[in-house]
There are 2 protein chains.
Amino acid sequence: MDLKSVIREIPNYPKEGILFYDVTTLFKDAKANRFVVEKTIEHCNGQKIDLVAGIESRGFILGGLIADKLGVGFVPIRKKGKLPAEVISETYEKEYGPDLLELHKDAVEQGQRVLIVDDLLATGGTAKASAKLIERLGGEVAGFAFIINLSFLPGMKVLEGYKVFSLVDYESEKA
Amino acid sequence: MDLKSVIREIPNYPKEGILFYDVTTLFKDAKANRFVVEKTIEHCNGQKIDLVAGIESRGFILGGLIADKLGVGFVPIRKKGKLPAEVISETYEKEYGPDLLELHKDAVEQGQRVLIVDDLLATGGTAKASAKLIERLGGEVAGFAFIINLSFLPGMKVLEGYKVFSLVDYESEKA
């Protein structure tokens, strides 16, 4: 299946000169969702995964589906101030300074192997911060699953040492 | 299955005097997720549903799962400024004034029957605004699915005339 055909490209979003890859058009396509989930599960085949963590908020859609197919629970990694119980936090770099990602303190148990899911790997900042959150709770990062990897950005390098799976690669900033 | 046993109650969140129902503990339980999805699908049985719309962001997790089980696409209804393509907006009342919910203009096709999904029905403000968004695009609201209904709040009344399904009911503000 040609996933690029269901990913919408939006020029100059969120600002001039940036080409944004919109996966809402993929999510609207039931077959494309299933393809993404099946390919991700195939890739995880044989690995022990105890839990799926989705990064707010597009990672929630895919993360929930992958957790269900694996028969494991789902935990959300959220932006600052969104989780109601006790949390731990990690900073990550945003364009205009640092921001926080949070995870419930009781979201991961000691030794659990956690698959981290998001729609897109770019600079790797939120992904790396998510891994730190899991590891601080005693969990082990089983790997990362993305739909898209922007391979002209340093995400893969930032996640060196981790297993990273993605289905669609964009190699340059231009369409 | 006793869903209340997997929903965490957090007193005085987000502010003094409010008892918050935290579904992250339910999402962490694979069996509970499946139970919620199966019961919702059972309830929808026989109805024509073409699309599932999930309300940001807890509605994304459950909405994605229900869409997949129904074999239909998923579209996100998001807070202001989060969707990258052309949107339509509806205001809804928040505690300190109005806010906006948005939907991509091409998210729903004329005549499509859309199931709207969120974790919790409280005052019904975001749910009603979501229905208006769907209807403005020519869609028909097939119904609403929630995990929780806070029946001491006016949500059900606000959604009068629509089919509303929920699995767990809390009848008073106190635990």
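These numbers come from the heavy atoms of this one structure, side chains and all, not from hydrogens, waters or symmetry mates. First the proteins, then the strands, lettered A, B, ... as listed; each starts at 1.
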Treating Ile, Leu, Val, Met, Phe, Trp and Tyr as nodes and any side-chain heavy-atom pair under 4.5 angstrom as an edge, say whether B/Leu167 and B/Leu159 lie in one connected cluster.
no
Quick check on B/Phe27 against chain A: is it the side chain, the backbone, both or neither that has a heavy atom closer than 4.5 Å?
both
Can you tell if the side chain of B/His104 reaches within under 4.5 Å of the side chain of A/Thr25, non-hydrogen atoms only?
no
Give, as side chain, backbone, both or neither, the part of B/Pro76 having an atom under 4.5 angstrom from any heavy atom of chain A.
side chain
Relative to chain A, which segment of B/Ala107 carries a heavy atom at a distance below 4.5 Å: side chain, backbone, both, or neither?
backbone
Report yes or no: do B/Tyr170 and B/Val158 belong to one cluster of Ile/Leu/Val/Met/Phe/Trp/Tyr joined by side chain heavy-atom distances under 4.5 Å?
no
Within a strict 4.5 Å, meaning less than it, do heavy atoms of the B/Arg8 and A/Asp106 side chains meet?
yes
Engaged part of B/Leu26 at the chain A interface, taking heavy atoms whose separation is under 4.5 Å
neither
Heavy-atom contact with chain B under 4.5 Å, split by part of A/Leu62:
neither
State plainly whether one hydrophobic cluster holds both B/Val141 and B/Val114, where clusters connect Ile, Leu, Val, Met, Phe, Trp and Tyr through side-chain heavy atoms under 4.5 angstrom apart.
yes
Just checking A/Lys31: does its NZ atom have more than 12 heavy atoms from other residues, nucleotides or ligands closer to it than 6.0 angstrom?
no
Within the supplied structure, the quantity of interest is the number of heavy atoms (other residues, nucleotides, ligands) at a distance under 6.0 Å from B/Lys48 NZ; does it exceed 12?
yes
Do the side chains of B/Glu109 and A/Lys28 get close enough for a salt bridge, i.e. N-O under 4.0 angstrom?
yes
Crowding at NZ, B/Lys69 (>12 non-hydrogen neighbours, <6.0 Å)
yes
OG1-NZ distance between A/Thr24 and B/Lys82, expressed to the nearest 0.5 angstrom:
14.5 Å
Measure B/Leu51 against the heavy atoms of chain A and call it side chain, backbone, both or neither at under 4.5 Å.
side chain
B/Tyr13 versus chain A, the contacting section by heavy-atom distance below 4.5 Å
side chain
Do the non-hydrogen side-chain atoms of A/Asn33 and B/Asp68 ever get within less than 4.5 Å of each other?
no
Turns out that what part of B/Ala85 lies under 4.5 Å from chain A's heavy atoms comes down to both
Is B/Val75 close to chain A through its backbone or its side chain, or both, or neither, when contacts mean heavy atoms under 4.5 Å?
side chain
Check for me, please, whether A/Val37 and A/Ile7 land in the same ILVMFWY cluster - side-chain distances under 4.5 Å, paths through other members count.
yes
Is the shortest side-chain heavy-atom distance between A/Ser57 and B/Arg78 below 4.5 Å?
yes
I need the A/Phe74 CZ to B/Ile61 CD1 distance, nearest 0.5 Å.
4.0 Å
Using a 4.5 angstrom heavy-atom cutoff, name the option from A/Pro84, A/Ala30, A/Gly73, A/Gly64 with the most pairs to chain B.
A/Pro84
What about A/Val23 and A/Val36, same hydrophobic cluster or not, with Ile/Leu/Val/Met/Phe/Trp/Tyr joined at side-chain heavy-atom distances under 4.5 Å?
yes
